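Proteins get letters first, then strands, A, B, ... in listed order; numbering begins at 1 in each. The structure presented is a predicted model; accordingly, all values stated were derived computationally and were not measured.
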Amino acid sequence: MLTLQCLREERDRVLDALAKRHIDATATVDQVLDLDAKRRATQTELDQVLAESNSLSRQIGGLMREGKKAEAEEVKAKTAGLKAKTGELKDAMDAAEQELQVLLVSLPNTPCGLVAAGKTPDDNEEVFRSAEPQAAGGAAKPHWDLAKEHDLIDFDLGAKVTGAGFPFYKGQGAKLQRGLIRFFLEKADDAGYTEFIPPHMVNADSGYGTGQLPDKEGQMYHMQEDNLYMIPTAEVPLTNIYRDVVLQAADLPQKICGYTPCFRREAGSYGKDVRGLNRLHQFDKVEIVQVTHPEESYATLDTMVDHVKGLLEGLELPYRILRLCGGDMGFTSAMTYDFEVWSAAQERWLEVSSVSNFETFQANRLKCRFKDEDGKNKFVHTLNGSALALPRIVAALLENHQDDQGIVIPKALVPFVGFDRIGG
RNA sequence: GGAGAGGUGGCCGAGCGGCUUAAGGCGCACGCCUGGAAAGCGUGUUGGGGGCAACCCCUCCAGGGUUCGAAUCCCUGUCUCUCCGCCA
């Protein structure tokens, strides 16, 4: 959520930035500023009435103590009408505040200066590309065939037991999952991230804190009975650790990570690129999260990008990095880098990681602050990144590292999975 | 699921409907004292909002209610703890 202060002081900059998302927020922002002014005027008036009411009550208290009952009754008469008035003003305040909140929550984050104004994924800027993918020349088998051939993943069984998009991993396929998770967690540990195993369900406050609610309500599985949400990413429980927290400047940066399964309804995307591991309702992911000083966050974003690069290089996969354009960026992000790996059989790029700086957008909702040099509480910046999401990595590993007999496991991964090839 | 107890500042811990605009202690910060320190003394120490400012308002788990006045009384919710039941 954008801060009121920012809208008040930098209205034009905010509007320009939001224009990169192809949103004309002029009407909304001006309405916010109008409501804000109204709210403040009402508050001033309310404060005056409350001050008078408090003062009279104190007088009555004093008189009662001295036993001057008649005089107390006289003062009491003066309080008539004050209550109705405070009630009215409070209602006006609440109404203005609620309206304000609805509008504020509807505004996405402002893209940072480097972000281009494009509209579609085609307008994303490629900022890095690894060694060229090998031209398979149509010989490469798709991962769903390889998975079946080597009995690694059973999609039909998942469909029977749960539904489409919930596969079973078997034998070496299961070991590969477990090995990849360990590989990613060890690398995060080496980079100084503290590991957490968070809950896989969260309450509505947490969903709101990281921005899934109310914007993406329909994308999460909801347990109606207990009003809990299955996490769509570890970002939600991990970042919400910092909800309602005031940190010391010396505590920054906070670096944490965690492995969780992720649950996504993917409503509205049926039939689109859903073959094999391309799009699942449940998948595994290791997430890295940092909470930083506002001046450090973009340098931190670069180190997180480097971390993910290191992982993909360890897996010897061809990949590229995109800086998302305004039109393709998530609601809460100020800048996002997407990582895509090459699918040798599908002959297209698959997104495997998204690394974002949210600046104060989440911190404002989370009320996560730190005490700055002057002892004042200021909002931190939050960042996160997938490091990494498993299914498409598995797809790319199978497709890119296949040979005549089976699949070669990249050297760096061998100690974690416990074998150096599948098949053959 | 049943029964009971309880949520007060950074922490501990008092709190009779009005001298509580939250006692006292610990911790922390600053100052005095000291050759330096400890002790001692003094001052400050939740967060949010309004006002150019003096200052004012809100904040004792959350939301309602009673009252001129609520940390205190009533209702609802929530979380924690103890016991019983069930259970990996």
Select one nucleotide: of [options], the one nearest the side-chain heavy atoms of [X].
{"X": "A:N377", "options": "B:C68, B:G47, B:G51", "result": "B:G47"}
{"X": "A:R369", "options": "B:G18, B:G47, B:G49", "result": "B:G47"}
{"X": "A:I60", "options": "B:G18, B:G50, B:G48", "result": "B:G18"}

| message | I want to know whether A:H381 and A:Y298 have ring centres closer than 6.0 Å. | response | no

Atom-pair distance ([atom1] on [X]; [atom2] on [N]), nearest Å:
{"X": "A:R243", "N": "B:C61", "atom1": "CZ", "atom2": "P", "answer": "19 Å"}
{"X": "A:K83", "N": "B:U67", "atom1": "NZ", "atom2": "P", "answer": "6 Å"}
{"X": "A:M93", "N": "B:U59", "atom1": "CE", "atom2": "P", "answer": "12 Å"}
{"X": "A:F379", "N": "B:G48", "atom1": "CZ", "atom2": "P", "answer": "9 Å"}
{"X": "A:L247", "N": "B:G10", "atom1": "CG", "atom2": "P", "answer": "14 Å"}
{"X": "A:K378", "N": "B:G47", "atom1": "NZ", "atom2": "C1'", "answer": "18 Å"}

Sticking with atom [atom1], work out how far [N] lies from [M], rounded to a whole angstrom.
{"N": "B:C73", "M": "B:G10", "atom1": "P", "result": "24 Å"}
{"N": "B:A14", "M": "B:G31", "atom1": "P", "result": "35 Å"}
{"N": "B:G13", "M": "B:A88", "atom1": "P", "result": "37 Å"}
{"N": "B:A22", "M": "B:U46", "atom1": "C1'", "result": "12 Å"}
{"N": "B:A71", "M": "B:G7", "atom1": "C1'", "result": "12 Å"}

According to a strict under-4.0 Å criterion, is [X] in side-chain N/O contact with OP1 or OP2 of [N]?
{"X": "A:N54", "N": "B:G69", "answer": "no"}
{"X": "A:K371", "N": "B:G47", "answer": "yes"}
{"X": "A:R58", "N": "B:C68", "answer": "no"}

| task | Report the C-alpha distance between A:K90 and A:D94 in whole Å, list the side-chain angles of each, state the deciding distance to 0.1 Å, and finish with yes or no for salt bridge (Lys or Arg N to Asp or Glu O under 4.0 Å). | result | CA-CA 6 Å; A:K90 263 184 195 164; A:D94 289 348; over 6 Å; no

| Residue whose closest nucleotide on RNA chain B lies nearer the 5' end, A:V246 versus A:G61 | A:G61

| said: Let me spell it out: for each of A:L50 and A:L56, pick the nucleotide of RNA chain B with the closest heavy atom. Which residue's pick is nearer the 5' end? | reply: A:L50

| note | Checking N1-N3 plus N6-O4 or O6-N4 for Watson-Crick, or N1-O2 and O6-N3 for wobble, each under 3.5 Å, the partner of B:C83 is B:G2

| query | Heavy atoms under 4.0 Å, any strand shown: does A:S57 hit a base, just sugar-phosphate, or nothing? | reply | base

| task | Determine whether any donor atom in the side chain of A:D47 lies under 3.5 Å from an acceptor atom in the base of B:G49, or the reverse, and answer yes or no. | result | yes

| Derivation of the salt bridge (Lys or Arg N to Asp or Glu O under 4.0 Å) call for A:E88 and A:K85 | CA-CA 5 Å; A:E88 253 171 58; A:K85 202 165 176 185; over 6 Å; no

| query | Between A:E316 and A:K411, is a salt bridge (Lys or Arg N to Asp or Glu O under 4.0 Å) present by the stated rule, with each step listed? | reply | CA-CA 9 Å; A:E316 299 170 40; A:K411 273 196 198 73; 5.6 Å; no

| For the student: nearest non-hydrogen atoms of A:L146 and A:K141, plus distance | CD1-O, 3.5 Å

| note | Residues A:L18 and A:A25: closest non-hydrogen pair is CD1-CB, 3.6 Å

